[in-house]
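Data block below; observations after.
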Amino acid sequence: MEGHSVYQPKSGVAKWFEDRLPIVGLVHASAVAYPVPRNLNYFWTFGGILTVMLVAQILTGVVLAMHYVPDSTLAFASVEKIMRDVNYGWLLRYMHANGASMFFIAVYIHMFRGLYYGSYQAPREVLWILGVLILLLMMATAFMGYVLPWGQMSFWGATVITNLFSAFPLVGPSIVTWLWGGFSVGDPTLNRFFALHYLLPFMIAGVVGLHIWALHHVGQNNPTGVEVKDIRKDTVPFTPYATLKDSFAMVCFFIFFAWFIFYLPNFLGHADNYTEANPLVTPAHIVPEWYFLPFYAILRAVPSKLGGVLLMFGAIAVLLFLPWLDGSKVRSANYRPIYRIFFFLLVADCIYLGWIGSKPAISPYVGLSQLAAAYYFLHFLVILPIVSRLETPKPLPASIADSVLANGSGPLPGQPGLAPLVGGSTHGQV
Amino acid sequence: MIVRVERKNMTSRTIAGAGRAVALIIAVGLSALSLDATRASAAEQEHPPRQSWSFSGPFGKFDPAQLQRGFKVYREVCSNCHALSMVAFRNLAEPGGLGLTEEQAKAIAGEYKIEDGPNDSGDMFERPGRLSDYFPSPFPNEQAARAANGGAHPPDMSTLAKARTYERGFPTFLFDIVTQFQEQGQDYIHALVGGYEEAPEGVKPPKNGLHYNKYFPGHWIGMAPPIQEGQVDYTDGTPATVDQYGKDVASFLTWAAEPHLVARKKTGLVVMFFLVIFAGLLYFTKKRVWAGLKEKHA
C-alpha cells in the first residue's frame with residue numbers, strides 16, 4: 001500500500017547505500033510511513049507485543065542455553081545452578097519461563113481479536129493461516145521447553161504427550177519410539193528436545209516475517225471491518241501514531257509481565273517441577289501448562305485415545321478453514337449482533353474448557369468436557385457458517401473516517417486532506 | 001514382569017517398580033483414562049492454616065535470626081535423613097540470607113567431613129569441609145535412603161519449599177495474583193511438621209511403619225513425627241515449640257530454595273517504579289501526539 005511519505009536519503013552515503021540495498025527504505029516504509037487505520041483500538045497492539053516477546057524469549061533463551069546441560073542426570077541441577085550461581089540467572093530463567101506464559105496470553109488475545117473483528121476474511125486468509133502455523137510452532141516450542149528443566153512434570157508431561165502418537169494404528173508405536181530415540185523418555189529425548197527448542201523459535205521468527213509481510217501487503221483490518229478507502233482520510237502514518245500507542249501498550253504489558261517475574265515467578269508453573277524427574281514415581285496429577293489446558297480437555301473428552309488425539313489436533317486445524325466457514329459479507333462483530341453473542345459464548349467455552357482441563361478426568365468433569373468440546377466444534381462447523389450467512393448485519397459506516405467522526409473524536413466533516421504533516425512530506429494539508 | 005504398587009511418602013503416588021516401560025504404561029493409562037483413587041485422595045488434601053511470613057509480599061525480606069534458627073533445626077534434626085545437596089557452605093555467608101560472616105560459614109563447613117579425591121595414590125580421602133563444598137547428603141543414594149527409611153525416600157530439601165503446594169481452587173487462585181500469595185509450600189511444610197495426630201477410629205495404615213498426618217495428602221506418611229517440643233535449643237529466647245520449629249525450618253527452606261528472593265523483590269520494586277513512570281510518560285506523549293492529529297484538522 002502507498003504510504004504517507006517516501007524515504008528520501010539525505011546524505012550522499014545514505015543515497016549510495018540505498019541505491020545498492022534499499023533496506024533503510026524498507027524499514028521506513030514498514031515502520032514509519034506504513035498507513036495504519038486511524039480507528040484501531042488497543043487490541044491491535046498485541047501484534048507488536050508478540051514480536052517483542054519473541055525477541056525477549058530468544059535473547060533470554062540463548063543466554064540460558066549457555067549454562068544449561070541437556071543430560072538427564074545433570075539437567076535439573078544445571079537449571080538450579082542457573083537459579084543460584086549464574087549472575088542474574090534467576091532473572092533470566094524467570095523471564096523465560098513466565099515469558100512463555102505471557103506469549104500465550106498475548107497470542108490468545110491477538111487471536112480472539114481476529115475472531116471478533118473478522119480479521120481472517122478476504123483478503124487476509126493467508127495472513128490468518130500463517131498465524132495459525134505460528135501458534136502450532138509456539139505450542140511445539142513451549143512443550144519442548146517445559147521438558148528441559150527435567151522436573152517431574154517435565155518428564156511425565158513429555159511421556160503423556162509423546163505417547164499420544166501411539167494412538168495411530170500400525171505406525172503409532174514406531175513413531176513414539178522414533179520420537180523418543182529409545183524405548184522411553186530419556187537422554188536422547190531430552191537432547192533432541194533441546195535442539196528443537198533452540199531451532200523452532202527461529203522458524204517462528206521466519207513465519208512471523210511472512211505474517212508481517214502479508215499484513216503489510218493487505219493492510220490492517222480495523223474495528224469497523226471497512227477497508228481503507230482513502231489513505232489520507234482513513235489512516236495515519238505508523239510513526240509516530242502507532243509507534244507511541246504500541247509502546248504505551250507494550251510497557252503496560254511489561255508491568256503485568258514484571259509482576260509475575262518478580263513477585264509470582266512460580267505461580268504459572270507446577271510445584272512438581274521442582275522435584276527432579278523420576279521415571280519410577282508418577283505424580284498424583286499430571287497436568288500440562290495452563291495454555292494447553294483447553295486442548296487437553298478436548299483430548300480427554302473422547303473415550304477413545306485416537307479419537308481424542310484427532311479431535312485435539314482438529315481443534316486447531318479447524319481454525320485453518322475459518323476464512324471459508326464464515327460466510328458473512330461483514331467482518332466486524334460490532335455489526336453482527338447475533339454472531340457477537342456466539343463469539344462471547346465461544347470465549348466462555350474456551351475458558352471453561354481450560355478450567356476442566358485442570359481437573360481430574362472423573363465424573364462430572366468428563367461429561368462437562370464432552371459438552372464443552374462439542375460446543376467448540378459446533379461453533380465453528382455449524383453455528384458460524386449458518387449465522388454468518390443468515391444474519392442481516394447492521395449498517396456499516398461509509399468509511400473509517402466516518403466512523404471516527406460519528407464518535408465525535410475525529411476531525412470535523414468537510415475538512416479535506418486529513419493526513420498529517422510528517423517529516424518534510426508535502427502532501428496532507430493543502 | 002512384576003508390578004509392585006504401594007503408597008509412597010509426601011504425596012500418595014503409584015510406584016511401578018518393574019522398569020520404566022511399566023511405569024510409562026501406567027502413567028499413560030492414568031492420564032488418558034481418567035485418574036483413579038490417587039487423584040481422589042490428592043483432592044481430599046487438608047488445606048494447611050495460613051501463616052504470616054517475613055518474606056511474603058513485595059517488600060518481603062528474610063529474617064536472618066529466623067533463618068539461623070531454621071538452619072539449626074535442619075542441622076540437628078532434618079539432616080539426619082534429608083539432603084540439601086544444592087546448597088553450598090559459601091551460600092551461608094551470602095547477602096540477603098542467614099547473615100553469617102565468611103569466618104562463621106568457614107567454621108561451619110569445617111565441622112563437616114567431605115569425601116574428596118582421588119589423591120596421588122588413587123585413594124579417596126576425607127577432609128574438613130570448605131566454603132566451596134556442598135552440604136553432604138545423609139545417604140549415598142536413593143536406594144540406601146529407602147532401605148534405611150522403610151521404603152520411603154526422604155526428599156532432597158534444596159527445592160522443597162517450591163516443590164510443595166496444595167490446590168487453591170477457583171476463585172482463590174485469581175485473588176492470589178493480586179495479593180501475591182505464593183507461600184503454599186511454606187504453609188504446608190509448617191502444617192506437616194506439627195500435623196501428626198491419632199488416626200481416626202477404624203482407619204488403618206495401608207502398610208506398617210506409616211504415620212498419620214492431618215496435612216499429608218492421603219494422610220499416611222513414612223516420616224515419623226520429626227521433632228518434639230524443646231528438642232532443639234534456641235539461645236535467643238524464641239519459644240522452642242513444634243509450631244515455631246515448623247515456621248523456622250520452612251523459612252530456612254525457602255531461603256535454600258530461593259537464595260536470591262530478597263534481591264528479586266528489591267529489583268522488582270525498581271523495575272516496577274521505572275515501568276510505571278515510563279508508561280505514564282508514554283501515555284501523555286501518545287495523548288499529545290494524537291490530540292495534535294485532531295487539532296490540525298478540526
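Please read all numbers here as calculations on a predicted model, not as lab measurements. Each chain gets a letter, A, B and so on, in the order the sequences are listed, and its residues count up from 1.
For the residue pair B:K265 and A:F262, the shortest heavy atom distance occurs at CG-O, 4.2 Å. Minimum interatomic distance between A:K245 and A:Y42 (heavy atoms only, all atoms of both residues): CG-CE2, 3.6 Å. When all heavy atoms are compared, the tightest approach of B:C81 to B:F139 is O-CE1, 3.5 Å.
Of the atoms belonging to A:I261, it is backbone heavy atoms, and not side-chain ones, that fall under 4.5 Å from chain B. Neither the backbone nor the side chain of A:L91 comes within less than 4.5 Å of any heavy atom of chain B. Contacts between B:S85 and chain A at a heavy-atom distance below 4.5 Å are absent for every atom of the residue. Both the backbone and the side chain of B:D176 come within contact range of chain A, each with at least one heavy atom under 4.5 Å from a heavy atom of that chain. Heavy atoms of A:N273 lying under 4.5 Å from chain B are absent altogether. Contacts between B:L261 and chain A at a heavy-atom distance below 4.5 Å are absent for every atom of the residue. With a 4.5 Å cut-off on non-hydrogen atoms, B:R90 touches chain A through its side chain but not through its backbone. For B:P259, the part sitting under 4.5 Å from any heavy atom of chain A is the side chain, from C-beta outward, and nothing else. Neither the backbone nor the side chain of A:Y365 comes within contact range of chain B; no heavy atom of the residue lies under 4.5 Å from a heavy atom of that chain. Contact annotation for B:F181: only backbone heavy atoms (N, CA, C, O) come within less than 4.5 Å of a heavy atom of chain A. There is no contact between B:L281 and chain A, counting heavy-atom distances below 4.5 Å. Using a 4.5 Å cut-off between heavy atoms, B:Q184 makes no contact with chain A at all. Contacts between B:V178 and chain A at a heavy-atom distance below 4.5 Å involve the backbone alone (N, CA, C, O). Of the atoms belonging to B:M272, it is side-chain heavy atoms, and not backbone ones, that fall under 4.5 Å from chain A.
Aromatic rings of A:F292 and A:Y296 (six-membered ring for Trp) have centroids beyond the 6.0 Å cut-off, not under it. Side-chain rings of B:W255 and B:F252 approach one another, their centers coming within less than 6.0 Å.
Looking only at heavy-atom pairs under 4.5 Å with chain B, the residue among A:W355, A:Y88, A:Y274, A:F267 that has the most is A:Y274. The candidate with the highest count of non-hydrogen atom pairs below 4.5 Å against chain B, out of A:A271, A:G269, A:S358, is A:A271. Note: A:R84 leads A:R84, A:K81, A:M250 in heavy-atom pairs under 4.5 Å with chain B. Contact count against chain B (heavy-atom pairs under 4.5 Å) is highest for A:P265 among A:A77, A:S247, A:G308, A:P265. When each of A:L299, A:L164, A:T243, A:V251 is scored by its heavy-atom pairs under 4.5 Å with chain B, the top score falls to A:V251.
No side-chain donor-acceptor contact under 3.5 Å links A:R93 to the backbone of A:E80. Remark: the backbone N or O of B:R146 is not paired with any side-chain donor or acceptor of B:H153 at under 3.5 angstrom. The backbone N or O of B:N213 lies less than 3.5 Å from a partner atom in the side chain of B:H219, making a donor-acceptor pair. At distances below 3.5 Å, not a single donor-acceptor pair connects side-chain atoms of B:E46 with backbone N or O atoms of B:Y215. Here the side chain of A:D234 pairs a donor or acceptor atom with the backbone of A:A401 at under 3.5 angstrom.
Salt-bridge formation is detected for the pair B:E167/A:K359: a Lys NZ or Arg NE/NH1/NH2 atom is positioned less than 4.0 Å from an Asp or Glu carboxylate oxygen.
Using the six-membered ring where Trp is involved, B:W53 and B:H190 have ring planes that are perpendicular, over 60° apart on the 30 and 60° scheme.
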